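Quick caveat: nothing in here was measured; it's all calculated off a predicted structure.
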Amino acid sequence: MKNPSRREFLSRVGQGMLIASLGSALAEDLGISTAIANEGSARLIFGDSERLVSLLQETPIEKLQPLLAQKLKRGDVNLRQLVQAASLANARTFGGEDYIGMHTLMALKPAWLMSQQLPAERQALVILKVLYRNTDQIHAKGGRANERLRPVSSSQIPSGESTAQLLRSAVHGGRANEAEQIFAAISNRSSEDAFNELMYVVEDGVDVHRIVFAHRSWDMLDLTGMENAQTLLRQSLRYCLKNEKWTSSRHSKPRTLLPKLLDQYALLSRPPAGSRDGDEAWVDMMSKTIFEATAEQAAEAVAAALKEGMSPKTIGEAISLAANQLVLRDAGRTEKMVRPGKPVGST
């Protein structure tokens with residue numbers, strides 16, 4: 001780029017100040033370029049998607065739906081692009097550290113799949129609902145000024161070291177910066193390595209969100225592109241770091257019991273998946289065992305079934321039925337558990 005004249009320089013400075021005060025999405029609506037605002041900033045930037053990501057992140061909530069409806073009608077954007085941009089805006093703002101934000105991100109892919117089952121004229125409805133929730137929560141948590149994900153550099157991994165073990169050790173020790181830098185180094189190898197080695201952390205706890213959030217984030221990549229794998233999966237890593245503090249007392253028993261069962265039933269020396277499918281009677285028996293047993297007894301029953309060569313699919317059916325029994329018997333919230341929108345008795 002040629003050196004700017006004094007007038008061009010002052011014009012750019014003025015635009016930068018205006019963009020800072022308005023927000024890049026509104027500045028875009030006014031026809032002011034956001035390129036200068038992004039140069040040299042310590043902020044995650046999403047290339048060609050950035051303008052739409054910022055639009056979803058910064059638009060006043062009362063203007064969001066009419067604006068998106070207009071853009072869809074004109075053909076400026078399509079639903080796939082909106083879902084992609086919403087997931088990136090969500091990740092940059094919350095970084096896996098906001099409960100509502102996490103559930104909103106996990107709703108995006110199901111919303112997309114549901115939209116594909118609807119008539120063309122109704123497909124936008126289910127997605128616009130989730131986008132509204134997404135932007136509303138972004139504003140509630142401080143928006144652009146309070147973004148959680150920033151660029152992170154990768155660490156130098158000593159030769160011969162297991163990056164998966166190093167990552168898990170950093171999470172156990174609550175060393176967030178170290179964990180993020182190790183994960184960046186893993187992500188630089190491949191997106192598949194990032195997911196597979198993240199599983200060493202994710203599967204190291206029994207909190208359901210550890211499992212669901214990681215898999216939903218990975219599942220979003222067919223819409224967002226593999227180039228955003230590190231950004232989306234970082235959310236899961238950061239959730240695990242926080243979860244380590246919240247439920248550290250609950251982690252110790254599974255971390256002792258499960259390795260013991262792997263050794264006791266020689267599961268690591270066998271093929272990873274059995275092929276025997278149980279009949280209805282077997283699934284019913286297994287589901288009752290899991291439902292009525294203690295956590296330790298249920299884990300051992302599953303380990304024994306795996307050793308016998310039962311397929312994970314069949315065992316999964318039994319677990320699902322047992323979980324369904326729990327839901328059907330849930331007495332609902334007590335008075336001490338009441339929250340806005342969640343009254344006594346709600347499940």
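Residue Q116 places its CD atom among more than 12 non-hydrogen atoms of other residues, nucleotides or ligands, all under 6.0 Å distant. Residue-environment remark: CZ (R122) stays at or below the threshold of 12 foreign heavy atoms within 6.0 Å. Q156 CD: 12 or fewer foreign heavy atoms inside a 6.0 Å radius. E335 CD: 12 or fewer foreign heavy atoms inside a 6.0 Å radius.
Both L105 and L128 sit in one connected hydrophobic cluster of ILVMFWY residues. Membership requires side-chain heavy atoms under 4.5 Å apart, directly or through other members. Following chains of ILVMFWY side-chain contacts shorter than 4.5 Å, one can reach I61 starting from V130, so the two form part of one hydrophobic cluster. Hydrophobic clustering of Ile, Leu, Val, Met, Phe, Trp and Tyr side chains at less than 4.5 Å, counting indirect connections, keeps V206 apart from V212. In the hydrophobic cluster analysis, where Ile, Leu, Val, Met, Phe, Trp and Tyr join through side-chain heavy atoms closer than 4.5 angstrom, L113 is grouped together with L108. No continuous path of ILVMFWY side-chain contacts below 4.5 Å connects L257 to Y200, so the two sit in separate hydrophobic clusters.
A distance of 8.5 Å separates CD of Q230 from OG of S154, quoted to the nearest 0.5 Å. Atom SG of C240 is separated from atom NE2 of H209 by 12.0 Å, given to the nearest 0.5 angstrom. Distance check, rounded to the nearest 0.5 Å: OG of S155 to CD of E178 gives 7.5 Å. Rounded to the nearest 0.5 Å, atoms CZ (R80) and CG (L223) are 5.0 Å apart. Here L233 contributes atom CG and L221 contributes atom CG; the two are 6.0 Å apart, rounded to the nearest 0.5 Å. From L55, atom CG reaches atom CG of D76 across 10.5 Å, with rounding to the nearest 0.5 Å.
For the pair L328/N324, a side-chain contact is recorded, criterion being any heavy-atom separation below 4.5 Å from C-beta on. Residues L52 and V77 have side chains in contact (heavy-atom distance under 4.5 Å, counting atoms from C-beta outward). Between M114 and Q117 the shortest side-chain heavy-atom distance does not fall below 4.5 Å. Between L67 and Q70, some side-chain heavy-atom pair lies under the 4.5 Å cut-off. A 4.5 Å side-chain heavy-atom check between R333 and R339 finds at least one atom pair inside the cut-off. Between W112 and L79, the closest side-chain pair of non-hydrogen atoms falls below 4.5 Å. Contact check for E58 versus R144: side-chain heavy atoms found under the 4.5 Å cut-off. Proximity of H215 to F195: side-chain heavy atoms (C-beta onward) are separated by under 4.5 Å at one or more points.
Under the 3.5 Å distance criterion, the side-chain polar atoms of D193 are left unmatched by any main-chain donor or acceptor of I186. Put simply, the side chain of D207 never gets that close to the backbone of N243: no donor and acceptor are under 3.5 Å apart. A donor-acceptor pair under 3.5 Å links the side-chain atoms of E50 to the main chain of F46, judged by distance alone. Between the side chain of T135 and the backbone N or O of Y132 there is no donor-acceptor pair closer than 3.5 Å. Side chain of Q81 to main chain of N78: a donor-acceptor pair is present (N/O by atom type, distance under 3.5 Å, no hydrogens or angles). In terms of modelled atom types and a separation under 3.5 Å, the side chain of R234 and the main chain of A229 share no donor-acceptor contact. Under the 3.5 Å distance criterion, the side-chain polar atoms of T59 are left unmatched by any main-chain donor or acceptor of L56.
Donor-acceptor pairing under 3.5 Å is recorded for the side chains of T93 and Q57. Between the side chains of T163 and E197, at least one donor-acceptor pair of N or O atoms lies under 3.5 Å. Between the side chains of S169 and Q165, no donor-acceptor pair is found at a separation under 3.5 Å. A donor-acceptor contact under 3.5 angstrom links the side chains of R329 and Q325, judged on distance only.
Ion pairing of E244 with R168 is absent here, as no side-chain N (NZ or NE/NH1/NH2) approaches a carboxylate O to less than 4.0 Å. Ion pairing between K141 and E97 fails under the 4.0 Å rule for side-chain N and carboxylate O. We find that R210 and D204 are not joined by a salt bridge, their nearest charged nitrogen and carboxylate oxygen being 4.0 Å or further apart.
Ring planes of F213 and Y239: perpendicular class, angle over 60° (limits at 30 and 60°).
Of all the heavy atoms in G101 and N90, the pair that sits closest is O-ND2, 2.9 Å. Across every non-hydrogen atom of D98 and F94, the tightest pair is CB-CD2, 3.6 Å. In plain terms, the two heavy atoms of E317 and V283 that are nearest each other are OE1-CG2, 3.8 Å. Closest of all the heavy-atom pairs between R92 and V53 is NH2-CG1, 3.5 Å. Listed here is the closest heavy atom pair of G278 and W282: CA-CB, 4.1 Å. The two residues S153 and Q181 have their closest heavy-atom pair at O-CG, 3.2 Å.
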Residue pair V327, D330: steps toward the side chain to side chain contact (heavy atoms under 4.5 Å, CB included) verdict: CA-CA 5 Å; V327 174; D330 194 322; 5.5 Å; no
Stepwise side chain to side chain contact (heavy atoms under 4.5 Å, CB included) check, L232 with T224: CA-CA 9 Å; L232 290 185; T224 64; 3.5 Å; yes
Verdict with supporting geometry, W218 and L198, side chain to side chain contact (heavy atoms under 4.5 Å, CB included): CA-CA 11 Å; W218 177 259; L198 179 63; over 6 Å; no
Evaluation steps, side chain to side chain contact (heavy atoms under 4.5 Å, CB included), between L237 and L167: CA-CA 9 Å; L237 174 64; L167 183 64; 4.0 Å; yes
Solution key, residues 288-311 side-chain donor-acceptor pairs under 3.5 Å, sequence neighbours excluded:
| unit_1 | atom_1 | unit_2 | atom_2 | d |
| --- | --- | --- | --- | --- |
| K288 | NZ | D284 | OD2 | 3.4 |
| T289 | OG1 | M285 | O | 3.0 |
| T294 | OG1 | Q297 | N | 3.1 |
| T294 | OG1 | Q297 | OE1 | 3.4 |
| E296 | OE2 | K253 | NZ | 3.2 |
| Q297 | OE1 | T294 | N | 3.0 |
| E300 | OE2 | Q264 | NE2 | 3.3 |
| E300 | OE2 | Y265 | OH | 2.8 |
| S311 | OG | R276 | O | 3.4 |
| S311 | OG | D277 | OD1 | 2.7 |
| S311 | OG | T314 | N | 3.1 |
| S311 | OG | T314 | OG1 | 3.1 |

